[in-house]
K.L.:
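Quick one: the structure is below, and I'll ask about it shortly.
Since the model is a prediction, treat every value here as computed from it, not as a measurement. We name chains A, B, ... by the order of the sequence lines, and we start the count at 1 in each one. Note: hydrogens, waters and symmetry copies are ignored here, and every other heavy atom, side chains too, is used.
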Number of protein chains: 2
Amino acid sequence: MKDFESTAETLIRSTGDRVTGARVHVLAVLLGAGRALTHNEVEARLEPELGINRVTVYRVLEWLTQRNIAHKLSGEDRVWRFSVQEQGHGGQHPHFVCNACGRVLCLADSDESPKPRLPVGFQSTEMELTVKGLCDACNEHSRRTAARGKK
Amino acid sequence: MKDFESTAETLIRSTGDRVTGARVHVLAVLLGAGRALTHNEVEARLEPELGINRVTVYRVLEWLTQRNIAHKLSGEDRVWRFSVQEQGHGGQHPHFVCNACGRVLCLADSDESPKPRLPVGFQSTEMELTVKGLCDACNEHSRRTAARGKK
DNA sequence: CTCCAGTTGCAACACAAATGCATTTGCGTG
DNA sequence: CACGCAAATGCATTTGTGTTGCAACTGGAG
Ligand SMILES: [Mn+2]
Ligand SMILES: [Mn+2]
Ligand SMILES: [Zn+2]
Ligand SMILES: [Zn+2]
């Protein structure tokens with residue numbers, strides 16, 4: 001908890017921009033999440049007595065993205081998800097989305113480059129890979145359900 | 001035009017469901033587009049005198065997706081885009097998004113499978129690859145602008 | 001031609017995200 | 001430490017996409 005807040009403060013201070021309560025608390029939430037969070041999930045994890053406004057959370061998340069402290073990604077549910085830029089993950093890295101619970105997380109960079117053929121005149125600058133499937137929890141759950149059915 | 005409409009009618013009739021004006025016209029628009037269109041783009045290309053309702057367009061696009069005549073994909077702008085399922089493109093295929101004009105189109109399937117490493121307990125069922133860059137038109141445009149700047 | 005399940009139109013709704021503007025605050029300066 | 005002000009925030013309102021409930025309409029089977 002407190003640990004995430006001090007890490008957050010350091011990261012924010014390093015940008016040269018203002019260190020505000022909202023920024024520290026929002027970033028601390030992201031640091032402690034271990035996965036990509038929606039705006040709503042971030043807001044739900046902020047203690048209510050902090051009185052941080054909904055719009056402020058939006059703006060802080062946007063600011064974190066611009067400063068490359070976090071990155072945002074769009075999902076099938078038309079909702080932005082934000083995740084801290086973990087070290088070891090390059091600027092571009094694949095993501096995983098659980099088809100059952102919707103969890104989203106960043107994956108380690110794979111060395112390979114698929115590079116599909118583009119039409120003539122087209123030029124590629126970046127690439128985004130999303131892997132879909134079942135996360136550990138949902139996988140375990142479905143395994144157990146199947147076993148129970150067999151009995 | 002008329003050609004797309006008859007193709008559309010054939011495709012729709014083959015589903016066994018009702019062949020309605022809205023379905024024929026919406027599908028004809030998609031067939032003539034050559035790229036993925038948003039709901040708004042589809043609506044804009046429908047002649048106003050047809051009097052096809054906004055909600056109907058949504059429902060037709062959804063129906064086309066369920067019947068695998070079209071497929072929908074989510075973009076960074078939180079807007080669904082619909083594209084006819086072209087033959088030669090498998091159920092899963094990569095997509096291209098132009099960073100300048102936002103054009104979205106389907107790419108031919110690449111034979112390679114990148115398969116990034118997943119955390120333990122995770123299971124992958126499908127994968128989505130999006131290539132970003134400049135389309136032919138925007139590429140040409142930026143090339144010309146650069147040349148003019150040099151002069 | 002008749003009938004009715006499937007389809008459509010319309011109004012209202014849901015909900016993430018953005019915007020305008022007044023108020024507050026972090027922090028550099030003296 | 002108090003001051004000043006650009007940056008940040010809170011609040012109300014708006015925007016944009018997509019959805020839902022329900023009454024009216026219609027494609028096409030019989
Ligand atoms: Mn990521
Ligand atoms: Mn496609
Ligand atoms: Zn899951
Ligand atoms: Zn373009």
K.L.:
Kindly say if B/T56 contacts the phosphate of C/dG9, meaning a side-chain N or O under 4.0 Å from OP1 or OP2.
P.N.:
yes
K.L.:
Once hydrogens and angles are ignored, does a donor-acceptor distance under 3.5 Å link the base of D/dG28 to the side chain of B/R18?
P.N.:
no
K.L.:
Would you indicate which nucleotide in C/dA16, D/dG28, D/dG10 comes nearest to any side-chain atom of B/R13?
P.N.:
D/dG28
K.L.:
Please work out whether the ring planes of A/H93 and A/H71 are parallel, tilted or perpendicular, with thresholds of 30° and 60°.
P.N.:
perpendicular
K.L.:
Between C/dT8, C/dC27, C/dA18, which nucleotide has the shortest distance from any of its atoms to the side chain of A/V19?
P.N.:
C/dC27
K.L.:
Check the phosphate of C/dG6 against B/T20, side-chain N and O only, distance under 4.0 Å to OP1 or OP2. Yes or no?
P.N.:
no
K.L.:
Taking only side-chain N and O atoms of A/N40, does any of them lie within less than 4.0 angstrom of OP1 or OP2 on C/dA16?
P.N.:
yes
K.L.:
Among residues 61-84 of chain B, which ones have heavy-atom contacts with DNA chain C below 4.0 Å?
P.N.:
B/R78
K.L.:
Would a 4.5 Å heavy-atom cut-off, applied to side chains only, mark A/N99 and B/E126 as touching?
P.N.:
yes
K.L.:
Looking only at side-chain atoms of B/R54, point me to the closest of D/dT19, D/dA12, C/dG9.
P.N.:
D/dT19
K.L.:
Nearest to the B/V55 side chain among D/dT20, D/dC11, C/dT8, which nucleotide is it?
P.N.:
D/dT20
K.L.:
Whether B/N53 contacts C/dT8 is assessed here as follows: a side-chain N or O lying under 4.0 Å from the phosphate OP1 or OP2. Is that the case?
P.N.:
no
K.L.:
Is a donor-acceptor pair below 3.5 Å formed from side chain A/R59 to base D/dG10, judging by atom type as modelled?
P.N.:
yes
